[in-house]
J.: 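Provided herewith is a single structure, encoded as structure tokens, for subsequent inquiry.
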Amino acid sequence: MPQIPEKIHELTVGQLSARSGAAVSALHFYESKGLISSRRTTGNQRRYARDALRRVAFVRAAQRVGIPLATIRDALAELPEGRTPTREDWAHLSEAWRSELDERIKQLSRLRDHLTDCIGCGCLSLENCVLSNPDDVFGEKRSGSRLMVERKGAPLG
């Protein structure tokens, strides 16, 4: 991994890509979504502050556990500009996601535990399926099947 001298306070998109492991196209996408920011040189080239490395690492880690980009963007908006986020900053942001991740783990465990039964079940009924309609919770709300329970606060249709 290329090292960037401490005296360099801004990174090119290529340097940020090399250090973060994110493709240049991903960095441009993150910027378009407001997850990271850059300034433009007189030659219209992007320059990223060094703290973009930590922000990109945070985005990628959050994406790996399924946190939506809009949620990540909202969390990053709480961080101070102009300085590298601290361990305490990250702990505060990630704590807010703990219950959502716990709920996903519970859902995935239920899916895993019932998957073998489902293959041999033969019920052919989405109304009775323990995976797509556990305890018929969706029957009271609307017709149709859902494999995973929607996140809290997400619209149901």
Side-chain angles (χ1 to χ4, degrees), residues 1-116 118-119 130-134 137-138 141 144-157:
M1 178 180 307
Q3 294 296 315
I4 299 168
E6 287 293 323
K7 65 182 177 186
I8 296 177
H9 298 287
E10 292 184 317
L11 308 173
T12 66
V13 69
Q15 290 171 322
L16 183 58
S17 174
R19 287 290 309 277
S20 68
V24 169
S25 59
L27 297 173
H28 291 169
F29 177 75
Y30 293 162
E31 189 171 357
S32 74
K33 297 299 181 187
L35 300 167
I36 59 174
S37 61
S38 68
R39 73 166 187 87
R40 297 292 184 136
T41 66
T42 55
N44 203 30
Q45 296 176 331
R46 289 178 168 95
R47 293 293 186 265
Y48 297 89
R50 290 180 71 95
D51 68 299
L53 281 168
R54 287 256 176 97
R55 292 171 190 271
V56 170
F58 183 74
V59 169
R60 296 184 78 202
Q63 283 185 296
R64 278 194 295 277
V65 297
I67 304 296
L69 286 179
T71 304
I72 298 168
R73 182 184 56 240
D74 292 345
L76 289 171
E78 293 180 28
L79 294 177
E81 290 292 328
R83 75 164 170 82
T84 301
T86 64
R87 180 180 301 269
E88 291 77 24
D89 292 330
W90 295 131
H92 172 71
L93 294 178
S94 63
E95 182 62 33
W97 299 338
R98 185 171 297 280
S99 63
E100 183 177 340
L101 292 174
D102 287 343
E103 181 61 30
R104 286 185 190 181
I105 290 168
K106 188 169 83 174
Q107 291 171 3
L108 288 171
S109 294
R110 185 177 65 235
L111 176 63
R112 179 202 60 216
D113 294 346
H114 291 287
L115 194 56
T116 302
C118 185
I119 292 169
V130 298
L131 288 179
S132 65
N133 195 10
V137 295
F138 295 108
K141 297 179 182 175
S145 67
R146 295 284 183 267
L147 182 59
M148 299 292 285
V149 177
E150 285 93 354
R151 286 189 321 275
K152 293 175 184 163
L156 289 175

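Position 1 is the first residue of the sequence, and the numbers go up from there.
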J.: Measure across L16 and S20 and return the closest heavy-atom pair with its distance rounded to 0.1 Å.
T.: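 Residues L16 and S20, closest heavy atoms: O-OG, 2.7 Å.
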
J.: What I'd like to find out is whether the side chain of L53 reaches to under 4.5 Å of the side chain of L11, using heavy atoms alone.
T.: yes

J.: Where the side chain of R55 meets the backbone of S37, is there a donor-acceptor pair that is under 3.5 Å apart?
T.: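 The answer is no, because no donor-acceptor pair under 3.5 Å joins these two groups.
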
J.: Return the minimal non-hydrogen interatomic distance between R73 and K33, and the atom names on each side.
T.: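 For R73 versus K33, the nearest heavy atoms are CD-O, 3.0 Å.
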
J.: Should D102 and R98 be marked as a side-chain contact (heavy atoms from CB on, under 4.5 Å) after you check the CA-CA gap, both sets of side-chain angles, and the distance that decides it?
T.: CA-CA 6 Å; D102 287 343; R98 185 171 297 280; 3.8 Å; yes

J.: Which heavy atom of V56 sits nearest a heavy atom of A22, and at what distance?
T.: CG1-CB, 4.0 Å

J.: Under the side chain to side chain donor-acceptor pair (under 3.5 Å) test, which residues partner R64, sequence neighbours left out?
T.: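 By the side chain to side chain donor-acceptor pair (under 3.5 Å) rule, R64 matches no residue at all.
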
J.: Step by step, work out the side-chain contact (heavy atoms from CB on, under 4.5 Å) result for F58 and I36.
T.: CA-CA 11 Å; F58 183 74; I36 59 174; over 6 Å; no

J.: Identify, with sequence neighbours excluded, every residue that meets ring pair (Phe, Tyr, Trp, His ring centres under 6.0 Å) alongside Y48.
T.: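 In terms of ring pair (Phe, Tyr, Trp, His ring centres under 6.0 Å), with neighbours along the sequence ignored, Y48 is linked to no residue.
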
J.: Walk me through it: do Q45 and R40 pass the test side-chain contact (heavy atoms from CB on, under 4.5 Å)?
T.: CA-CA 5 Å; Q45 296 176 331; R40 297 292 184 136; over 6 Å; no

J.: In Å, rounded to the nearest 0.5 Å, how long is the span from CD of E10 to OG1 of T41?
T.: 9.5 Å

J.: Please walk me through it: do L69 and F29 pass side-chain contact (heavy atoms from CB on, under 4.5 Å)?
T.: CA-CA 11 Å; L69 286 179; F29 177 75; 3.3 Å; yes

J.: If the condition is side chain to side chain donor-acceptor pair (under 3.5 Å), which residues does S38 pass it with, not counting sequence neighbours?
T.: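 S38 satisfies side chain to side chain donor-acceptor pair (under 3.5 Å) with E31 once adjacent residues are dropped.
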
J.: Just wondering, more than 12 heavy atoms not from R39 lying within 6.0 Å of its CZ?
T.: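 Above 12, so yes.
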
J.: For R60 and Y30, work out which heavy atoms get closest and say how close.
T.: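 Closest pair (atom of R60, atom of Y30, distance): CG-OH, 3.5 Å.
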
J.: Got a donor-acceptor contact below 3.5 angstrom from the Q15 side chain to the T12 backbone?
T.: yes

J.: Minimum heavy-atom separation for L76 to L35, with atom names?
T.: CD1-O, 3.3 Å

J.: In terms of side-chain heavy atoms, does T71 have a donor or acceptor partner in D74 at a distance below 3.5 Å?
T.: no

J.: What's the separation between atom CG in L108 and atom CD in E103, rounded to the nearest 0.5 Å?
T.: 10.0 Å

J.: Considering non-hydrogen atoms only, spot the tightest contact between V13 and L27 and give its length.
T.: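 Scanning both residues, the minimum pair turns out to be O-CD1, 3.7 Å.
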
